[in-house]
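Below, chains carry the letters A, B, ... as their sequence lines are ordered, and counting in each starts from 1. What you are looking at is a predicted structure, and each value in this text was computed from that prediction instead of being measured.
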Amino acid sequence: MINAVKGTRDLLPPDTRVWNRVEETAREVFRLYGFEEIRTPILEPLELFVRSVGEASDIVHKEMYAFTDRGDREVCLRPENTAGVARAYIEHGLARAGGVKKLYYIGPQFRYERPQKGRYREFRQIGAEVLGAADPASDAEVLVMLFDFLRRLGFTGLTVSLNSVGTEECRPRYVEALRDYLAPHIAVLGPDDQRRLEQNPLRVLDSKDPAVKSLVSSAPQMLEFLDPPSAAHHEEMLRLLDAAGIPYKIEPRLVRGLDYYTRTVFEVTAAGLGAQDALLGGGRYDRLISDLGGPKTAGIGFAIGEDRLVDVVSDSFRAAALEGVPVAVIPLSPDDRGYAFALASGLRERGISCDVQTAAKGPGAGLKAAEKRGSRLAVLAGEEERTGRSAVVKDLIKRTQEKVSAESLASYIREREKSQ
RNA sequence: GUGAGAGUAGCUCAGUCGGUAGAGCAUCGGACUGUGGAUCCGAUGGUCGCGGGUUCAAAUCCCGUCUCUCACCCCA
């Protein structure tokens, strides 16, 4: 037997209905906020991620799904989508058009990791980016849109964790202060945290080691080291979030794994996701475009883990997405199939989905199959109905039935579906 | 990349001390030829993940390997 590649999976019905509804909701919300879709290649030059996400990051040094193609090009399956959007933005000269570009994407991403709950080698992200906007109002707008989306999926009680990681101007002073603070306690740090201290000291802040956690709880905080422009940016964003009623909490130890973030970083976690509890993450990346060789362009965005989102989406949203099983049209004998097809066509023209059951094993089998499929209504058509241009509509739950004329069939079914 | 647990019918699982494979559900057929869910009878269904080893004999013990699950690392 040939199995799916490790860490990838098939999404099957009826679950795909939930996925589709989530994506439809995202598209609708993004449209309302003036965002447009961008689709970038799944395959990108390896170099793109080395230069954007960061050579020292785990994503690049151990999680890349990379290989050499037949033309000796170093390529990889994209581990995230912001870099690809930035690449496209530069490549197509979108900056020259001026103004702000608001883009969103929905698609698969790949990281070569050991799979576990909420983590797959192929996973999907729903993300949005605002390019060419340095103003804190963009940070706030992105979060307002995010919460609008989450609310429509039925999430309540979620809070966004917020921090600022400053800029190239003020972060080095903070890193130095953090190193000074940790230096006397180096013995407390395990091997992982010592490595972090070397490579990316900010990561020590979100260590899971209890001893390190308590040590770090009284460490100096980045927010105290922000230079005036970054501090003002942070304050204004918070003011706008307050005005919009967005539930947030300042999390001074929040850092993110991608090297390109500046100033605002945020993340939302959710219960029920196991150890990988980050539902989404994002932040500002004012240097990314220029680092990739484009004009100096500010940017902010987020990525939602769609697999995780679908995992914990509200029961009511899920139930709504799973509603609507086709009406079963059941010919009572093989001779009635033609008439059944005609009835089905009429229903479909009026937007009612239906499937025609085979007549091979008699009406009992047809009804059984319809029930198994979850249909609530069945349309029975035999010789008597065919000659009288009518149909019997049977309620499979109440076990009642009624004869209606062929021409009023669709409206009758609509009424019945509405009343359920 | 590291660690732990698991892998037997389509699904959920049992399988004793090593003795040649089982149940429930599902599927199909029948009781039931214009009306389903219940019940009864019957049938189909297996490379016991894969490979090697020990043994007269391996689903069972040993080694390797693959996959899944969870955790670490890290992240969505």
Sugar-phosphate, base or nothing in reach of Q401(A), heavy atoms under 4.0 Å: base

E63(A) (side chain) and rG1(B) (base): donor-acceptor pair under 3.5 Å: no

Residue met sooner reading RNA chain B from 5', once K62(A) and V268(A) are mapped to nucleotides: K62(A)

Sugar-phosphate only, base, or nothing, as touched by R373(A) at under 4.0 Å among non-hydrogen atoms: nothing

Considering all heavy atoms, the nearest Q125(A)-N81(A) contact: OE1-N, 4.2 Å

Among H233(A), H234(A), R263(A), the one residue meeting side-chain hydrogen bond (donor to acceptor under 3.5 Å, both in side chains) with D139(A): H233(A)

Proximity to RNA chain B (any heavy atom under 4.0 Å), residues of residues 6-21 of chain A only: K6(A), G7(A)

Spacing of F110(A) atom CZ relative to rC75(B) atom P, expressed in whole Å: 20 Å

Touch class at under 4.0 angstrom, heavy-atom based, for I330(A) against every strand present: nothing

Interatomic distance where CZ belongs to R121(A) and C1' belongs to rU67(B) [whole Å]: 11 Å

Nearest-nucleotide pick for V392(A), side chain only, options being rG36(B), rG34(B), rC75(B): rG34(B)

Those residues of residues 303-323 of chain A lying under 4.0 Å from RNA chain B by at least one heavy atom: A303(A), G305(A), R308(A)

Consecutive Watson-Crick or G-U pairs in runs of at least 3, all under 3.5 Å, in which RNA chain B is involved: B:1-7 with B:66-72, B:10-13 with B:22-25, B:27-31 with B:39-43, B:49-53 with B:61-65

Residues Y181(A) and S218(A): side-chain donor-acceptor under 3.5 angstrom: yes

Rounded P spacing from rG49(B) to rC40(B) in Å: 33 Å

Heavy-atom protein contacts under 4.0 Å, nucleotides 25-32 of chain B, coded B base, S sugar-phosphate only, - none: --S-S---

P-based separation of rG19(B) from rC62(B) [nearest Å]: 15 Å

Integer-rounded Å distance: rG3(B) C1' and E113(A) CD: 17 Å

P atoms of rU60(B) and rG15(B), separation to the nearest Å: 15 Å

Sugar-phosphate, base or nothing in reach of L280(A), heavy atoms under 4.0 Å: sugar-phosphate

Nucleic acid contacts - residues 122-130 of chain A versus RNA chain B, non-hydrogen atoms under 4.0 Å: F123(A), Q125(A)

Listed pairs, N/O of protein and of nucleotides 69-72 of chain B, under 3.5 Å:
residue	atom	partner	partner atom	Å
rC70(B)	OP2	K117(A)	N	2.9
rA71(B)	OP1	A275(A)	N	2.9
rA71(B)	OP2	Q116(A)	NE2	3.1
rC72(B)	OP1	K208(A)	NZ	3.1
rC72(B)	N4	R119(A)	NH2	3.2

Sugar-phosphate, base or nothing in reach of E383(A), heavy atoms under 4.0 Å: base

